[in-house]
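These notes are about the structure you will find just below.
Letters A, B, ... are given to chains in the order of the sequence lines, protein chains preceding strands, and every chain is numbered from 1. Predicted, not measured: the structure shown is a model, and the values here were computed from it.
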Protein chains: 2
Amino acid sequence: MAEAQLARAGRHRDSRETQERLLDAAERLLAERGFAGTSLRAVTQAAGTSVSAANYHFGSKEELWRATLARRIAPINRRRLESLDALEQAAGGAPLALEAIFEAYLGPLFAERAARHAVHFVAARLYSDPPELVSTLKLELFGEVIRRFLDALARALPDRSRMELGLRFQFAVGCMVHVMSGNLEDAPLLMESVPESAAAAADDVLADASVLRHMVAFIAAGLRAPAGDAR
Amino acid sequence: MAEAQLARAGRHRDSRETQERLLDAAERLLAERGFAGTSLRAVTQAAGTSVSAANYHFGSKEELWRATLARRIAPINRRRLESLDALEQAAGGAPLALEAIFEAYLGPLFAERAARHAVHFVAARLYSDPPELVSTLKLELFGEVIRRFLDALARALPDRSRMELGLRFQFAVGCMVHVMSGNLEDAPLLMESVPESAAAAADDVLADASVLRHMVAFIAAGLRAPAGDAR
DNA sequence: CAAGGATTCGAACGTATGTTTCGAACAGTC
DNA sequence: GACTGTTCGAAACATACGTTCGAATCCTTG
């Protein structure tokens, strides 16, 4: 029981590697089928290990789910805050451009998407799996991020009420989640009416960079738009 | 087997009523927990009937799920198309305002939301439950709606490519789905920083009519925004 | 009233689930 | 080389699942 500088003493094969194989498999399967739709056995089988290994490392299916989400989302939110910090530093107190704010917010997530991690699918589950599973996790992971970005928005649009900004920010989150959930994949199916340039144009417009560019423009313009009175 | 003018011949209690109690219960539960997270027994218990009754009327859990979705979504999409027809009739070939197009698209759904039906939650499941369950249903229910509304958008914004419009339309769908999934309910939790006018302003901004107004403005402006070049 | 179909329930079937238990394989320390 | 603690596979457990079956109840039709 001597002072091991790393907290992994004896082990069978490699505890760390097993955990990550489990998290990888869980990430993929949870993304496709959600929490209730994914059995622990499916995960452990895909990870090439056993049910007891999963419960040994994570204690329960629910904790495995939480660990899967937190592993990917925490670094993304860290990068978001770093980008925002850098922007505010450079601006020296001046309000930021909406486009810059949302590039800081969306960029890290799109980077993961481009890296072909299933994180974006999984993150989308934050908004579709039962609340008792994810609501505390949501606040825990996103509380500071939302506060900081709302502050930045409030400085950029000083004439809007905080509640209004919060509402519109949720619209932006909706765009993001929807796209990250893979709903662009069947979009081409719905537009069979342009035969000539179909496939080429689709790949062009639906490339990661293009989607990000369009989304930033869409959201920024949407936030700037005046409320529009009831007719 | 004589010609009964209504197609309900012999029955135990009331076949139609049992079916609708089942659909009501399924709507509520599927909205909260999704397909995999909702057991047939939970549905039939909430409906005050038995598992076999459900399978008698719908054949399987999956068919019950589909019937639940179709019952509410089909009329909504009918109303959407009627509104669009009326607008185009009135315009007589001239392009429509983006705001009008999206009021036609979002209005019927918000009306259901105001009527406290869980349809919006359920509809959101179209985008979170496994594709093999819903993809054919999605095309079947939404194919014509998407085509017609994309046509209207193409006339309103003739300088945009069809694929670009399709992408941005998906952004709009994302806003809608996210809000309809109930994600505005925990929005106030994330904005604890305005103590004085908190509750009152929240109720005000988050009222159905207000959300619809903001969403229409947001989406219309987002669609109008130029793509923005990569920097 | 008898026959037959429609509708419902309770029970049973086989399978799959999350969790627990037991023990073996292994690494590190004396 | 025994002892200790970590890791994890095989099996068992109780429960829950979707589906099926048969009997019971009701209504309509002859």
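For dT7(D), the OP1/OP2 oxygens have no side-chain nitrogen or oxygen of T18(A) closer than 4.0 Å. Listed pair S50(A) / dA10(D) fails the phosphate criterion, with no side-chain N or O lying under 4.0 Å from OP1 or OP2.
Between F171(A) and F171(B), a ring centre-to-centre spacing not shorter than 6.0 Å is recorded.
Checked for salt-bridge contact, R66(B) and E63(B) meet the test: a charged N lies under 4.0 Å from a carboxylate O. One finds no salt bridge joining E82(A) and R78(A) here, because no Lys/Arg side-chain nitrogen approaches an Asp/Glu carboxylate oxygen to under 4.0 Å.
L212(B) pairs by the side-chain contact (heavy atoms from CB on, under 4.5 Å) definition with L106(B), F110(B), V216(B), not counting sequence neighbours.
At whole-Å resolution of the value, NE2 in H57(A) and C1' in dT19(C) are 16 Å apart. Spacing between atom CD of E63(A) and atom P of dT19(C) amounts to 10 Å, rounded to whole angstrom units. Taking atom CZ on R16(B) and atom P on dT8(C), their separation rounds to 12 Å, with Å as the unit. Between the C1' atom of dC9(C) and the CG atom of L22(B) lies a distance of 13 Å, rounded to the nearest Å. Between the C1' atom of dA25(C) and the OH atom of Y56(A) lies a distance of 13 Å, rounded to the nearest Å. At whole-Å resolution of the value, CD in Q45(A) and P in dA10(D) are 11 Å apart. The interatomic distance linking E17(B) (CD) with dC27(D) (P) rounds to 14 Å, in whole Å. Here dT7(D) presents its P atom at 8 Å from CD of Q19(A), a figure rounded to the nearest Å.
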Using nucleotides 15-19 of chain D, report all nitrogen or oxygen pairs with the protein that are shorter than 3.5 Å.
unit_1: dC17(D); atom_1: OP1; unit_2: S39(B); atom_2: OG; d: 3.1
unit_1: dG18(D); atom_1: OP1; unit_2: L40(B); atom_2: N; d: 3.3
unit_1: dG18(D); atom_1: OP1; unit_2: K61(B); atom_2: NZ; d: 2.8
unit_1: dG18(D); atom_1: OP2; unit_2: L40(B); atom_2: N; d: 2.7
unit_1: dG18(D); atom_1: N7; unit_2: R41(B); atom_2: NH1; d: 2.5
unit_1: dG18(D); atom_1: O6; unit_2: R41(B); atom_2: NH2; d: 2.9
unit_1: dT19(D); atom_1: OP2; unit_2: K61(B); atom_2: N; d: 2.9

Distance-only donor-acceptor hits, side chain of residues 40-53 of chain B, under 3.5 Å, sequence neighbours excluded:
unit_1: T44(B); atom_1: OG1; unit_2: L40(B); atom_2: O; d: 3.2
unit_1: T44(B); atom_1: OG1; unit_2: R41(B); atom_2: O; d: 3.1
unit_1: S50(B); atom_1: OG; unit_2: A53(B); atom_2: N; d: 3.4

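Using modelled atom types and a 3.5 Å distance limit, the side chains of T136(A) and E140(A) yield no donor-acceptor pair.
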